Amino acid sequence: IEKINLLSIIIPISIFAFIVLFIAKFINQNILSIKFSVPYVIATTGFTGMLFDLILIFGFQILYGYVYHQIGLLVTAFMVGIIAGSMAIIKFFVQIKNYLYMLLKTEMMIILFAAILIPVLTLFEKYSIKPLFFYVMPFLFLILCFFSGFLTGAEFPLGSKAYLTKTDNISSTAGLLYASDLFGGFIGGIISSVILLPILGLFETCIITLLLKITSVIFLIISIKLSK
């Protein structure tokens with residue numbers, strides 16, 4: 001485990017993406033249908049959502065040296081964000097003309113959030129020694145937890161609507177996407193707490209999150225083109 005580095009994680013993800021794209025191009029393009037790409041998007045969202053929450057908790061602990069009396073607030077902010085994201089998307093369902101494109105936009109926002117998180121944590125570390133910023137920073141962590149939860153929560157209703165454009169079975173759709181979300185979160189919780197964060201660190205974990213979401217965006221774009 002000690003020999004694991006960033007490259008050893010990036011290479012398998014890249015190989016997986018290449019194999020899927022190769023099969024879609026030369027063997028069977030249906031592998032990148034909506035019925036594959038949407039569950040994959042939801043699974044990676046569960047994975048990245050868990051990573052975002054743990055990255056922010058670990059980041060808080062690194063900067064302050066303690067986290068236990070704040071962990072309840074950090075997790076609550078993330079969960080409230082999930083609820084708010086889901087409710088906001090459901091409220092504006094009637095105004096959304098294309099659920100696949102809206103899902104793609106949300107994916108892009110998650111990628112942007114992962115990219116911004118790296119310099120934001122660097123700035124937190126740089127200015128944490130300043131008294132005023134030291135006392136303001138916990139509120140900034142809560143905002144980041146809320147926003148990461150908001151993006152995570154917004155994807156499940158969108159994914160459900162997007163998937164239902166290809167099937168009328170609501171129960172199987174809900175079961176499949178819920179299982180995908182739980183599986184992604186389960187894998188993310190185990191890998192991030194055992195391998196990614198302890199061995200690679202915060203910034204490298206953000207890069208892996210960024211790369212994983214880029215693959216889901218590529219798959220989704222191809223699926224949208226094939227569905228036309």
Side-chain angles (χ1 to χ4, degrees), residues 9 12-21 23-24 28-55 78-79 81-90 93 96 98-111 113-114 148-196 205 208-224 226-227:
I9 303 294
I13 296 175
S14 302
I15 291 174
F16 168 74
F18 175 79
I19 291 174
V20 173
L21 293 174
I23 294 174
N28 183 10
Q29 67 178 16
N30 290 329
I31 191 175
L32 280 179
S33 66
I34 299 299
K35 291 187 176 182
F36 168 83
S37 62
V38 171
Y40 180 78
V41 165
I42 298 300
T44 56
T45 298
F47 185 91
T48 54
M50 181 63 70
L51 257 66
F52 284 149
D53 197 29
L54 290 175
I55 286 170
F78 179 76
M79 298 302 292
I82 290 177
I83 296 171
S86 299
M87 292 179 65
I89 288 296
I90 292 172
F93 265 168
I96 299 174
N98 191 310
Y99 296 107
L100 284 170
Y101 280 115
M102 191 63 192
L103 182 62
L104 180 61
K105 291 178 182 179
T106 310
E107 283 283 282
M108 300 296 288
M109 292 181 67
I110 292 177
I111 290 176
F113 181 82
S148 65
F150 187 92
L151 293 174
T152 302
E155 285 229 327
F156 190 88
L158 281 174
S160 300
K161 282 289 188 178
Y163 195 89
L164 285 171
T165 60
K166 298 300 177 181
T167 180
D168 295 327
N169 196 326
I170 297 176
S171 60
S172 65
T173 299
L176 174 63
L177 297 186
Y178 186 60
S180 300
D181 186 33
L182 288 181
F183 178 75
F186 170 74
I187 297 298
I190 292 178
I191 293 179
S192 61
S193 58
V194 175
I195 298 176
L196 299 182
T205 302
I208 291 170
T209 303
L210 190 65
L211 177 63
L212 191 64
K213 268 302 168 187
I214 288 173
T215 65
S216 68
V217 165
I218 293 173
F219 292 169
L220 188 59
I221 289 174
I222 296 174
S223 297
I224 291 173
L226 292 175
S227 65

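Note that the structure is a prediction, hence the values are computed from the model and not measured.
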Legend entry - Distance-minimising heavy-atom pair for L151 and T106: O-CG2, 4.0 Å

Inset, instruction - Considering non-hydrogen atoms only, spot the tightest contact between A17 and T215 and give its length. - result: CB-CG2, 4.0 Å

Legend entry - 4.5 Å side-chain heavy-atom contact, I42 and F156: yes

Legend entry - Set of side chain to side chain contact (heavy atoms under 4.5 Å, CB included) partners for L100, sequence neighbours left out: I34, V38, N98, A162, L220, I224, S227

Legend entry - ring pair (Phe, Tyr, Trp, His ring centres under 6.0 Å) involving F52 - partner list, sequence neighbours excluded: F113

Inset, instruction - Could you tell me which residues satisfy ring pair (Phe, Tyr, Trp, His ring centres under 6.0 Å) with F186, sequence neighbours excluded, listed by chain and number? - result: none

Legend entry - Check: I90 and F93 side chains under 4.5 Å, non-hydrogen atoms: yes

Inset, instruction - Check S148 against F78 and note the closest heavy-atom contact, atom names and distance. - result: OG-CD1, 3.4 Å

Legend entry - Donor-acceptor pair, side chain of K213 and main chain of I208, under 3.5 angstrom: no

Legend entry - Side chain to side chain, T152 and T48, heavy atoms closer than 4.5 Å: no

Inset, instruction - Would you please name every residue forming a side-chain hydrogen bond (donor to acceptor under 3.5 Å, both in side chains) with Y101, sequence neighbours left out? - result: K228

Inset, instruction - Kindly indicate whether the side chain of V20, heavy atoms from C-beta on, has any atom under 4.5 Å from the side chain of F36. - result: yes

Inset, instruction - Quick one: closest heavy-atom pair of S223 and S37, and the distance? - result: OG-OG, 2.9 Å

Legend entry - Shortest non-hydrogen separation from L54 to S192 and the atoms involved: CD1-OG, 2.9 Å

Inset, instruction - Kindly assign one of parallel, tilted or perpendicular to the pair F219 and F16, based on the angle between their ring planes and the thresholds 30° and 60°. - result: perpendicular

Legend entry - Closest non-hydrogen atom pair between I111 and L210, with its separation: O-CD1, 3.2 Å

Inset, instruction - For S14, check side chain to side chain contact (heavy atoms under 4.5 Å, CB included) against everything at least two apart and list the hits. - result: I10, L211

Inset, instruction - Name all pairs fulfilling the side chain to side chain donor-acceptor pair (under 3.5 Å) condition that reach into residues 160-170, sequence neighbours left out, sorted by first residue then second. - result: N169-S171, N169-S172

